[in-house]
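Beneath this line is the structure, given in structure tokens, with notes to follow.
Residue numbers begin at 1 in each chain, while the letters A, B, ... track the order of the sequences.
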Amino acid sequence: MASRLVVQEVVAGYGAVQVLHGVSLTVHEGETVILLGTNGNGKSTLLKCIMGLVRPAAGHIFLEVDGRRCDLVGRTPEEIVDLGVTLVPEGRRLFPKLSVEENLLLGAYRREARRDADTTLRYCFELFPVLAQRRRQLAGSLSGGEQQMLAIARALMSRPRFLLVDEPSVGLAPLLVRHVITQVKEMQQRYGLTVLMAEQNFHQATRIADRGYVLVEGRVVFEGASAAALGEHELVKKYYLGL
Amino acid sequence: MRVLRPLAAVVAAVLLAYLLTTVVHNRYYYFAAYVVLQYVVLATAWNILGGYTGYVNFGTAAFFALGAYTAVVLLKTWKAALLVMVVAGGAVAGLLGLGIGYLTLRLKGVYFSIATLALAVVLQTLIMNWDYVGGATGYYAIRPRTVPLFDDYVAFLFVVMVLLAALSLSVAWAIEHSRLGRGLAAIRDNEEAAECLGVPTLRLKLLATTLSGALMGMAGAPFPYFITYIEPASAFNLDYAVNSLAMPMIGGTASWLGPLVGAVLLGTAQQVATVTISSELNLLIVGVVLVAFVILAPEGLLGLVRRRQQRRPA
């Protein structure tokens with residue numbers, strides 16, 4: 001039953017620019033792990049590599065389910081979604097001209113998820129009642145916070161076991177950041193999800209995190225075994241806490 | 001149920017068109033209606049890729065002419081029946097569409113459009129230098145003297161085009177009312193997000209380009225018989241690209257009805273202008289109307305109507 005997501009020595013980039021220089025990390029089932037790092041250190045690129053949107057030049061990424069290893073490198077995003085991994089992309093990336101409900105149903109495009117789409121839709125509306133109220137409204141007309149909720153709910157529609165979340169706090173008011181992060185935690189507990197979240201808001205992210213990694217210039221410079229340990233590291237103090 | 005409704009509409013449209021040919025005998029109307037209907041097919045086909053999926057194709061003429069020249073080859077080599085020409089024209093143009101679909105892997109937005117425009121130029125040059133189909137001088141397609149059930153071959157061509165128009169509208173309707181339509185809309189709105197959710201973007205795009213290309217090729221296949229003398233300049237006319245893009249924009253790209261409305265209005269206006277003033281005016285009409293719509297009604301006539309309706313109950 002135990003499953004984990006393993007990233008081993010991944011090297012990746014865009015054309016001539018190398019972004020990741022051998023990143024390794026592991027996320028165990030049921031954990032909430034955060035990726036800390038300021039802009040341009042490779043957090044999004046790493047998540048895109050896991051999702052199959054960027055192909056690593058070297059290294060391994062695999063899921064281990066019941067001791068069986070399943071490589072993700074070389075697979076298409078569709079196949080990776082089928083394996084139970086979904087990404088909530090940075091900047092929400094909704095379908096602005098489609099309704100809230102259509103956005104959600106697109107989250108359940110894969111066959112496995114489609115079968116339970118009605119049930120999952122009901123769950124999503126329970127978790128985010130505001131989306132139920134606005135189900136016929138165009139996604140582009142929602143407020144920033146509502147859009148982020150929709151982006152998370154849409155990812156949930158694919159019934160993932162591993163949820164990758166890329167900077168959910170971008171562009172949100174401080175009060176909403178707290179709210180959204182709390183909802184990520186709620187979802188994680190409710191569905192037994194395994195969460196890997198890239199985030200810059202240290203205080204909010206560590207509130208829900210079990211562990212974390214600090215990424216600087218495409219390398220993991222520190223691995224915090226607990227949220228408290230993260231706060232004590234010098235780099236984190238320097239970059240995030242202003243100490 | 002779902003398949004039956006559009007199928008019934010196709011059969012009804014063809015029967016109605018046939019009945020019309022037994023009543024109206026003035027050939028001019030069939031010539032004019034053929035051209036308008038041909039634009040219904042082209043505009044609907046364009047909209048499957050341009051409107052639903054968001055990839056603007058400037059190479060309608062390439063697909064249309066490929067259908068027409070496939071027909072010429074079949075006609076010259078085997079004296080094939082029109083139905084065979086239509087199916088083969090659709091198949092060959094559909095293959096070209098499939099190729100264009102792979103282009104979308106590397107080219108997006110305006111770069112994709114430029115590539116499709118270039119495709120039309122390259123294909124035209126190839127045909128101009130292919131003597132078997134007449135090269136730059138062209139080819140005379142002699143119509144069969146008789147056709148069963150019809151007194152006049154032009155009336156027959158008109159009914160064939162009614163069939164193709166009804167068929168392509170049904171295809172568009174079916175796409176809109178299916179998961180495929182929602183997947184294509186996701187690609188149009190945000191391709192990367194669609195990919196993140198496991199929407200098989202490449203497969204859907206290939207399906208859209210192939211279908212769109214095939215329908216355009218089918219519209220082109222009866223063209224040699226219609227015009228009787230076909231040469232590259234007329235088969236690859238820029239009018240096809242401009243019209244098939246402008247018509248859905250004027251009608252509204254969001255629904256299958258848009259290209260139909262746009263093609264009927266603009267196509268008819270062009271026919272009237274051709275008779276009363278000059279066919280030279282046609283592109284000017286399109287240009288002026290298109291500019292007006294982009295400024296005043298960017299969502300086309302249907303968008304305008306919808307906004308009216310939404311405002312009323314409030």
Are there donor-acceptor atom pairs under 3.5 Å between chain A and chain B, and if so which?
from      : atom 1 : to        : atom 2 : distance (Å)
Arg93(A)  : NH1    : Glu192(B) : OE1    : 2.9
Lys97(A)  : N      : Asp189(B) : OD2    : 2.7
Tyr109(A) : O      : Arg179(B) : NH1    : 3.3
Tyr109(A) : OH     : Arg179(B) : O      : 3.2
Arg110(A) : NH1    : Gly198(B) : O      : 2.8

For this session: For Glu186(A), check salt bridge (charged side-chain N to carboxylate O under 4.0 Å, His left out) against everything at least two apart and list the hits.
Result: none
For this session: Could you tell me whether Arg69(A) and Glu64(A) have a side-chain N and a carboxylate O separated by less than 4.0 Å?
Result: no
Exercise. Checking heavy atoms, do the side chain of Leu94(A), its backbone, both or neither come under 4.5 Å from chain B?
Worked result: backbone
For this session: Kindly say whether His28(A) contributes a backbone atom to a donor-acceptor pair with the side chain of Glu31(A) at under 3.5 angstrom?
Result: yes
For this session: Say whether Glu29(A) and Ser3(A), considering side chains only, have a donor N or O and an acceptor N or O under 3.5 Å apart.
Result: yes
Problem set entry | Part of Leu53(A) lying under 4.5 Å from any heavy atom of chain B | side chain
Problem set entry | Contacting region of Ala194(B) [heavy-atom separation from chain A under 4.5 Å] | both
Exercise. So, does Glu146(A) use its side chain to make a donor-acceptor pair with the main chain of Ser143(A) at under 3.5 Å?
Worked result: yes
For this session: Would you check if there is a donor-acceptor pair between the side chains of Gln200(A) and Ser169(A) at a distance under 3.5 Å?
Result: no
Problem set entry | Other residues, nucleotides, ligands: >12 heavy atoms within 6.0 Å of Tyr123(A) OH | no
